[in-house]
Structures are given as C-alpha cells and as structure tokens.
Number of protein chains: 2
Amino acid sequence: MNTPTFRNWQSVREEVRRRIHAREWAPGDLIPNEADLAVEFGCARSTVNRALRSLAESGVLDRKRKAGTRVAAQPVARATLNIAVIRHEVEEHGATYGYLLIERAERVPPASISGAMKTRAAAKLLHVRALHLADDAPYAIEDRWINTDVVHSARSEGFEAVSANEWLMKHAPYTHGDIGFSAVQATVSDAETLGVPPQSALFAIDRVTWDNASSVTKVRLLFAPGYQLRTAI
Amino acid sequence: MNTPTFRNWQSVREEVRRRIHAREWAPGDLIPNEADLAVEFGCARSTVNRALRSLAESGVLDRKRKAGTRVAAQPVARATLNIAVIRHEVEEHGATYGYLLIERAERVPPASISGAMKTRAAAKLLHVRALHLADDAPYAIEDRWINTDVVHSARSEGFEAVSANEWLMKHAPYTHGDIGFSAVQATVSDAETLGVPPQSALFAIDRVTWDNASSVTKVRLLFAPGYQLRTAI
DNA sequence: CAGAATAATATGTGTGCACATAAAAACATT
DNA sequence: AATGTTTTTATGTGCACACATATTATTCTG
C-alpha cells in the first residue's frame with residue numbers, strides 16, 4: 001500500500017475534505033492533531049495548519065486550542081455574496097446601464113432612519129432617491145440617507161450624473177456595516193417608479209455603513225421583480 | 001518621531017486598513033511590497049504576507065504576482081451569510097421550534113426541477129413539503145426534491161419528526177452548491193399554509209446542492225413576511 | 001521594428017523551529 | 001465534594017530561509 005505525500009496545503013485540504021466526505025471522519029468527530037497529520041501526510045505542520053485553518057474558515061471544521069479539531073457537526077453553509085456597485089452589476093450582465101436621479105433634498109428624516117443611524121432626531125440628513133436602469137428598463141430603486149456631518153463633500157455633490165451608490169464608494173470610507181435582505185411589497189410609489197403592478201414582491205437590501213461610531217449612510221435598494229441574488233457554496 | 005513596531009499580523013492588517021481609510025493609500029494605488037513593509041513594520045515578511053492576504057480575501061486589496069499589491073479601486077462589499085439549519089435559526093431567536101410535514105411522495109418532477117437537477121426527465125424524485133414553525137406560528141415553507149439515486153437512505157426516511165432540512169445535513173454530504181435569493185409573491189396555496197394574505201411578498205432561498213456531478217437536492221424555502229436575512233460587513 | 005528569448009521581481013508557499021495561548025485534565029487543598 | 005492551582009497539550013503565530021511561479025521589463029535576434 002502506497003502512502004502518497006501531500007506537498008502543498010491545497011492538496012492536504014482536498015484530502016481532508018475527501019475523508020470528511022467519505023465519512024472516514026464523521027460530523028462531530030475529533031480528527032488527529034496537526035503534528036500527527038503532518039507526519040502522515042509527509043509535510044510540515046504549518047502546511048497542515050494552513051489547510052485546516054482554511055477549512056475552519058469555510059465552516060467545515062471547528063477548531064479549539066487544546067480541545068483539538070473536529071468535523072463541524074452542524075455545517076452551516078457559508079455563502080459569500082459580492083455586493084458590487086449597481087452599475088457594474090448591470091454591465092456584467094451585458095446590459096446598458098442607466099441612471100435617473102429622482103430626488104435630492106436635505107431634510108429631517110423619520111425617526112426610524114435617525115434611530116437606525118443614531119443621529120440626533122432633529123438633525124437634517126441628505127436624502128437621495130434614484131432609479132437604476134438596465135437597458136432602459138427599471139432595475140432598482142435606491143433610497144438613501146447620507147450623514148453629511150460625516151461625509152461633508154456630499155453637500156456639494158448633485159448626484160445627477162453619478163449615483164450615490166457609486167460616489168460614496170469612492171468618497172466615503174467605512175469601517176463596518178450591517179446588511180439585511182428581505183422581501184417587501186411595492187408601495188404605490190415604488191410600483192410606479194419601477195413600472196410594475198402595485199403589491200409586487202420586491203427584493204430589498206438594507207444597508208447601514210459606519211465609520212467607527214458614526215453612521216455614514218443608510219440605503220434601501222428595491223429591485224424590480226425577477227431579480228435574484230446568486231452565489232455558490 | 002517614533003516608529004511603532006507591529007508584532008503580529010492583525011496589527012499589521014489594522015495599520016494597512018488605517019492607511020487606506022486615511023487615504024494615505026488611495027483606491028487603485030500600488031502599495032509598497034511585502035519586503036519593504038516588513039522592514040518598515042519591524043516584522044517578518046510572512047507576517048506582512050498574512051495580513052495582506054487576509055485583506056485581499058476580504059476584497060480590500062488586489063494582489064498579483066510581480067505586479068504588486070494595490071488598494072481595490074472598486075471595493076466590493078463581501079458579505080458572508082451563515083445559512084444554518086432552520087431549527088437552529090429559530091431557537092437562536094429564543095423561539096420554540098415546531099415542524100409539520102405536509103407531503104412526502106415519490107414522483108416525476110416538473111421539467112424545471114429535473115432540468116435544474118440534471119436528472120433524467122422521467123426519473124422519479126422524492127418530493128417533500130413541510131412547514132417550519134416558530135412559537136407555533138408559520139415560519140417557513142420548505143419545498144424540496146431529493147435525488148434518491150444519490151441519497152438512497154432517504155427512501156426509508158419518513159421526514160415526520162425530523163425535517164429534510166436537518167436530516168440531509170447529517171446524511172447527505174455535498175461538494176458544492178448554488179444558492180439564490182429572491183422575492184416572490186405567495187401563491188394561494190403558500191399563503192394558506194403560511195396564514196398570510198395571498199400575493200404577500202415572501203423571501204425565497206433556492207438552493208441546489210451537488211455531490212460532484214450528481215445533484216443531491218433542490219430546495220425552495222419560502223419565509224413568512226417579516227423575515228430578514230442579516231449579516232455584517 | 002516585431003517577435004522571441006531572457007532576466008528581474010513581487011507574491012505564493014514550504015520547512016523547521018520556537019514560543020504564546022487557551023483550555024482541558026490532573027492534582028492539591030480546604 | 002467543591003474549589004483553586006498546576007500541568008499538559010493542541011492550536012496559533014512569529015521568524016528566517018529557500019524556492020516556486022506568474023508576470024513584467026529588458027535584451028536579443030531576424
């Protein structure tokens with residue numbers, strides 16, 4: 001019986017994947033430690049470490065110091081979504097991108113917005129509403145509030161030619177954010193803007209981004225019916 | 001002027017993040033190479049490598065051999081979703097989980113299903129329809145097709161007590177899968193099952209999983225209105 | 001001058017070693 | 001038996017070095 005050697009971390013990862021898949025190591029099982037695997041695989045421990053770390057990142061393994069490494073009992077599917085600038089998303093589909101500014105105004109937002117953005121209730125924010133088009137057909141509504149106390153330069157930007165979606169990417173760095181995906185019924189106004197029947201089911205992405213403790217912007221993107229956010233796992 | 005040293009890869013990553021954030025390195029800029037940064041930071045090149053690799057994985061940097069490392073011009077927000085077993089999702093919310101099997105039958109699926117699963121058009125698949133409950137209220141409809149040629153043991157499983165969602169996790173390993181998120185209008189039947197008005201907007205997750213070239217299962221999960229899939233970026 | 005061969009270079013990764021750190025396990029103490 | 005302390009151990013990480021590999025820049029050649 002020959003014992004093949006695994007000289008790089010990718011091949012080690014594949015072999016571990018294979019063993020889990022073949023139920024040689026069942027969910028919940030403790031697997032041999034790094035040093036032993038290194039000997040078995042004929043490589044350095046750091047190589048095994050790299051492979052196991054990668055598998056832990058993708059949720060296949062659970063690792064704990066001293067406790068060891070075990071096959072995840074409850075393998076959560078970890079899907080990574082790439083949320084790009086809408087223009088790029090449209091152009092990647094081979095469609096022609098279009099953009100229409102609907103509204104731009106500084107105003108005091110409803111409490112739900114100032115609450116989520118943790119701004120003073122009476123503070124004015126910049127409100128931008130726009131429509132993104134793919135091949136001249138409505139693609140998504142962007143409804144956004146911008147904290148001009150944080151993004152000063154937004155005050156002097158009209159958002160007539162370039163969308164806030166894209167402009168902010170370049171001009172407003174953020175440290176972290178929250179994102180939520182849901183389904184909502186189109187309001188009368190949304191339905192009109194998108195040219196769809198009222199009550200249509202729309203895919204919604206809600207995102208708030210933060211620069212440390214200050215909110216930068218809060219946006220709701222409402223996609224026309226038929227939109228699907230896809231990824232591989 | 002003191003030059004602080006960065007002894008671990010996380011602190012190097014933070015410093016690089018800070019420089020990008022402070023626009024010391026602007027989007028599109030080429031940053032110094034690993035060796036130079038290692039000297040500047042007073043650490044080994046491998047430590048810098050670890051930090052930069054981590055940032056590249058999260059989409060902040062673009063790296064190419066010989067060409068060097070540059071700040072991503074178009075930083076895509078990379079959101080990682082953890083799609084857990086529904087029972088766990090419900091219980092994590094502090095609610096009591098419930099499960100109701102609606103239907104279980106072996107039948108020839110519609111062409112859309114056999115097409116997506118790449119099974120023979122005439123081949124029978126196991127169809128399971130079930131309702132997941134949170135605190136006795138409808139939470140999500142699971143509509144699933146299982147390829148029993150791949151998951152033999154599913155034939156003898158009734159799915160009366162344990163959901164296919166959960167059972168398959170333990171019994172049907174997969175190598176990869178596709179996943180899609182969308183918004184759909186509730187059909188009359190869906191609306192009845194969920195106890196919501198017809199035409200309600202439902203959040204849908206469609207997933208097909210594969211074991212190498214064979215499809216394992218295809219599922220559509222329809223969540224009751226109000227559901228939101230959240231994550232941080 | 002175009003195209004092919006060659007050199008240069010930045011990242012990618014393997015190795016061996018050392019030590020840090022978290023957490024379980026063993027042990028001691030009350 | 002409950003509690004606190006020490007030991008043990010598996011993973012986490014840093015370092016120095018070497019070589020691999022992809023890609024660009026340069027030089028050579030017809």
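Per chain, numbering begins at 1; letters A, B, ... match sequence-line order.
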Rounded off to whole Å, could you give me the [atom1]-to-[atom2] distance for the [X] and [N] pair?
X     : N      : atom1 : atom2 : value
A:R65 : C:dT21 : CZ    : C1'   : 4 Å
A:N8  : C:dT13 : CG    : P     : 9 Å
A:L61 : D:dG12 : CG    : C1'   : 15 Å
B:F41 : D:dG14 : CZ    : C1'   : 16 Å
A:K64 : D:dT11 : NZ    : P     : 13 Å
A:E57 : D:dT11 : CD    : C1'   : 14 Å
A:D62 : D:dA10 : CG    : C1'   : 15 Å

Run the side-chain hydrogen bond (donor to acceptor under 3.5 Å, both in side chains) test on B:Y139 and B:E89 for me, step by step, so that the C-alpha distance in whole Å, both residues' side-chain angles and the decisive distance to 0.1 Å come before the verdict.
CA-CA 11 Å; B:Y139 184 79; B:E89 196 175 297; 2.8 Å; yes

Within the supplied structure, the quantity of interest is the number of heavy atoms (other residues, nucleotides, ligands) at a distance under 6.0 Å from B:R155 CZ; does it exceed 12?
yes

Nearest to side-chain heavy atoms of A:T69, which nucleotide of D:dT11, D:dA16, D:dA22
D:dT11

Check the phosphate of C:dG12 against B:R63, side-chain N and O only, distance under 4.0 Å to OP1 or OP2. Yes or no?
yes

Are any of B:Q10's side-chain N or O atoms less than 4.0 Å away from OP1 or OP2 of D:dT13?
yes

Under a 4.0 Å N-O cut-off, is there an ion pair linking B:K218 with B:D143?
no

If you measure from the Lys or Arg side-chain nitrogens to the Asp or Glu carboxylate oxygens, is any gap between A:R19 and A:E15 under 4.0 Å?
yes

A:L52 vs A:R63 side-chain heavy atoms within contact, under 4.5 Å
yes

Quick one: does B:F181's side chain get under 4.5 Å of A:L81's, heavy atoms only?
yes

A:N165 and A:R207 have their tightest heavy-atom pair at ND2-NH2, 4.5 Å

Within residues 19-34 of chain A, find the residues that approach DNA chain D with a heavy atom at under 4.0 Å, and present them sorted by residue number.
A:N33, A:E34

Kindly say whether B:T80 contributes a backbone atom to a donor-acceptor pair with the side chain of B:T231 at under 3.5 angstrom?
yes

Heavy-atom contacts under 4.0 Å between residues 45-56 of chain B and DNA chain C, which residues?
B:R45, B:N49

Give a yes-or-no answer on whether the side chains of A:D211 and A:S214 include a donor-acceptor pair shorter than 3.5 Å.
no

